[in-house]
Amino acid sequence: MGFKCGILGLPNVGKSTLFNAITKSAIPAENFPFCTIEPNLGIVNVPDNRLQMIDKIAQSKKVIPTTMSFVDIAGLVKGASQGEGLGNAFLSNIREMNALLHVVRCFDDENVIHVDGKVEPLSDLETINLELIFADIEVLDKRLLKLEKLIRSGDVQAQKDQGIIHSLKKMMESGALPNLSSFDNEEKEFIQSLNLLSTKPMLLIANLSDDQSKNKLEDLQNYAEANSVSIIPAVVKIEHELANLEEEEQREYLELLGMDEPVLNKIILAGYKLLNLETYFTSGPEESRAWTIHKNSLAPQAAGVIHTDFERGFIKAEIISFDDFIACEGEAGAKRDGKLRLEGKEYTVQDGDVIHFKFNV
């Protein structure tokens with residue numbers, strides 16, 4: 001679907017190490033600023049135990065998970081919006097992202113330099129936020145100049161858009177990322193069309209050491225709660241080690257750490273949900289497969305993810321909820337127990353639905 005989740009932060013906060021862990025890649029992650037220059041792209045399987053549970057019943061020849069894209073973006077420094085460091089390249093790369101994972105350093109390590117000479121998570125967070133805001137204010141000012149010409153010609157919509165931009169600028173000039181909850185759906189659509197950096201969905205990743213930094217984490221958690229931002233604490237170094245182990249070794253290491261699963265799985269799923277995505281499944285003798293859709297997609301749109309012909313010639317969809325598919329031990333049992341439903345073009349696909357589409361082109 002072309003959706004990208006960008007990993008950003010100051011230099012040396014663990015961005016590339018997290019990217020390497022998520023994608024099991026081997027891009028450089030050296031101890032100096034701007035090691036990442038060109039953004040690195042990785043396609044990642046979305047962990048979903050439901051697919052394995054479906055396949056256990058269906059016994060398909062192939063199992064195909066759904067995927068999403070992660071991008072490791074160059075480290076930002078103070079003044080990036082004025083071109084410092086890799087400023088302009090950094091900002092243009094972020095503009096292409098649909099959502100952001102902001103890695104914040106909470107660990108002390110004298111062997112890993114900090115670009116500002118000291119580890120202060122809230123200050124680092126503010127540096128990134130302000131650079132996004134400064135870049136956005138420049139975009140808004142340019143749009144206001146265009147709107148003024150339209151307003152002089154009596155364009156009513158331009159007047160409305162001008163009011164929205166002034167509201168956004170007022171929020172940004174206070175130093176805070178804009179809160180869009182006060183805007184209605186039509187206004188939010190206009191804001192989305194501006195492709196601002198500071199309004200992209202964001203998740204904080206607090207990169208801890210394995211033996212300290214709890215106080216620094218607490219500061220970030222308080223910020224996240226006050227600003228309605230999700231946060232996931234992770235020891236990125238350990239996650240990278242886990243990602244490079246064989247399955248049996250990984251299980252043993254997780255047991256030693258007292259963990260059920262890698263935090264990476266939570267991060268990938270959180271990124272998936274940040275993009276407002278959901279999963280439905282198809283299953284049969286040949287393959288059991290997970291498919292990605294926008295939340296609240298109608299059945300024909302969901303069918304179109306498989307093939308455009310499925311959407312164009314959509315007739316109906318045979319739907320079994322995931323819970324019913326498991327409880328009835330598959331499609332035959334669901335039919336027997338009356339749990340298979342026929343739905344038409346107006347059906348909103350639910351996360352976890354197991355679907356067979358009927359179409360005719």
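What you see is a predicted model, and the numbers here were worked out from it, not measured in a lab.
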State plainly whether one hydrophobic cluster holds both Met259 and Leu208, where clusters connect Ile, Leu, Val, Met, Phe, Trp and Tyr through side-chain heavy atoms under 4.5 angstrom apart.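 Yes, it is one cluster - the side chains of Met259 and Leu208 are joined through contacts under 4.5 Å.
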So how far is it from [X] [atom1] to [Y] [atom2], rounded to the nearest 0.5 Å?
| X | Y | atom1 | atom2 | result |
| --- | --- | --- | --- | --- |
| Asp136 | Leu196 | CG | CG | 4.5 Å |
| Ile319 | Phe357 | CD1 | CZ | 6.5 Å |
| Met172 | Leu177 | CE | CG | 8.5 Å |
| Ile293 | Tyr280 | CD1 | OH | 7.0 Å |
| Leu197 | Phe134 | CG | CZ | 13.0 Å |
| His240 | Asn20 | NE2 | CG | 4.5 Å |

Show every salt bridge (Lys or Arg N to Asp or Glu O under 4.0 Å) that has at least one partner inside residues 257-283, sequence neighbours left out. none
Is it true that the side chains of Asp323 and Ser321 contain a donor and an acceptor less than 3.5 Å apart? no
Testing the 3.5 Å rule here: is there a donor-acceptor pair between the side chains of Asp72 and Ser16?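 On atom types as modelled, these side chains qualify, holding a pair under 3.5 Å.
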Partners passing side chain to side chain contact (heavy atoms under 4.5 Å, CB included) against [X] (at least two apart in sequence or in another chain):
| X | value |
| --- | --- |
| Glu173 | Ile137, Lys169 |
| Ile315 | Lys358, Asn360 |
| Glu186 | Gln157, Asp184 |
| Ala158 | Leu147, Leu150, Ile151, Asp155 |

Please enumerate all residues that pass salt bridge (Lys or Arg N to Asp or Glu O under 4.0 Å) together with [X], with sequence neighbours excluded.
| X | result |
| --- | --- |
| Arg143 | none |
| Glu346 | none |
| Arg336 | none |
| Glu126 | none |

Sub-4.5 Å side-chain heavy-atom contact between [X] and [Y]:
| X | Y | value |
| --- | --- | --- |
| Glu138 | Asp141 | no |
| Glu148 | Leu145 | yes |
| Leu180 | Leu168 | yes |
| Leu298 | Thr348 | yes |
| His294 | Val305 | no |
| Phe107 | Lys237 | no |
| Asn98 | Lys200 | no |
| Thr279 | Val46 | no |

Minimal non-hydrogen separation, [X] against [Y], with atom names:
| X | Y | result |
| --- | --- | --- |
| Val263 | Pro233 | CG1-O, 3.7 Å |
| Ala234 | Ile205 | CB-CG2, 4.4 Å |
| Ser182 | Glu187 | O-OE1, 4.4 Å |
| Cys328 | Ala334 | CB-N, 3.4 Å |
| Cys5 | Gly271 | SG-CA, 4.2 Å |

Criterion salt bridge (charged side-chain N to carboxylate O under 4.0 Å, His left out) on Glu255 and Arg251, from CA distance to verdict: CA-CA 6 Å; Glu255 195 175 320; Arg251 254 198 311 270; over 6 Å; no
With the threshold set at 4.0 Å, does a side-chain nitrogen-carboxylate oxygen contact exist between Glu331 and Lys335? yes
By ring-ring contact (aromatic ring centres under 6.0 Å, His included), Phe310 pairs with (sequence neighbours left out) Phe359
Under the rule for ring-ring contact (aromatic ring centres under 6.0 Å, His included), what residues qualify as partners of Phe322, not counting sequence neighbours?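 With sequence neighbours excluded, Phe322 shows a ring-ring contact (aromatic ring centres under 6.0 Å, His included) to no residue whatsoever.
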Applying the side chain to side chain contact (heavy atoms under 4.5 Å, CB included) test to Val236, which of Ile267, Val13, Thr17 qualifies?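 Among Ile267, Val13, Thr17, the one meeting side chain to side chain contact (heavy atoms under 4.5 Å, CB included) with Val236 is Thr17.
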Side chains of residues 49-60: which donor-acceptor partners sit under 3.5 Å, not counting sequence neighbours?
unit_1	atom_1	unit_2	atom_2	d
Arg50	NE	Asp48	OD1	2.9
Arg50	NE	Asp48	OD2	3.3
Arg50	NH1	Asp351	OD2	3.1
Arg50	NH2	Asp48	OD2	2.8
Asp55	OD1	Ser60	N	3.0
Gln59	NE2	Lys56	O	2.8
Ser60	OG	Gly284	O	2.6
Ser60	OG	Ser288	N	3.3
Ser60	OG	Ser288	OG	2.7

Surrounding CD of Glu329 (heavy atoms of other residues, nucleotides or ligands, distance under 6.0 Å), is the total greater than 12? no
Is a side-chain donor or acceptor of Glu318 paired with a backbone partner of His356 at a separation under 3.5 angstrom?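 No, the answer is negative, given that no donor and acceptor are paired below the 3.5 Å cut-off.
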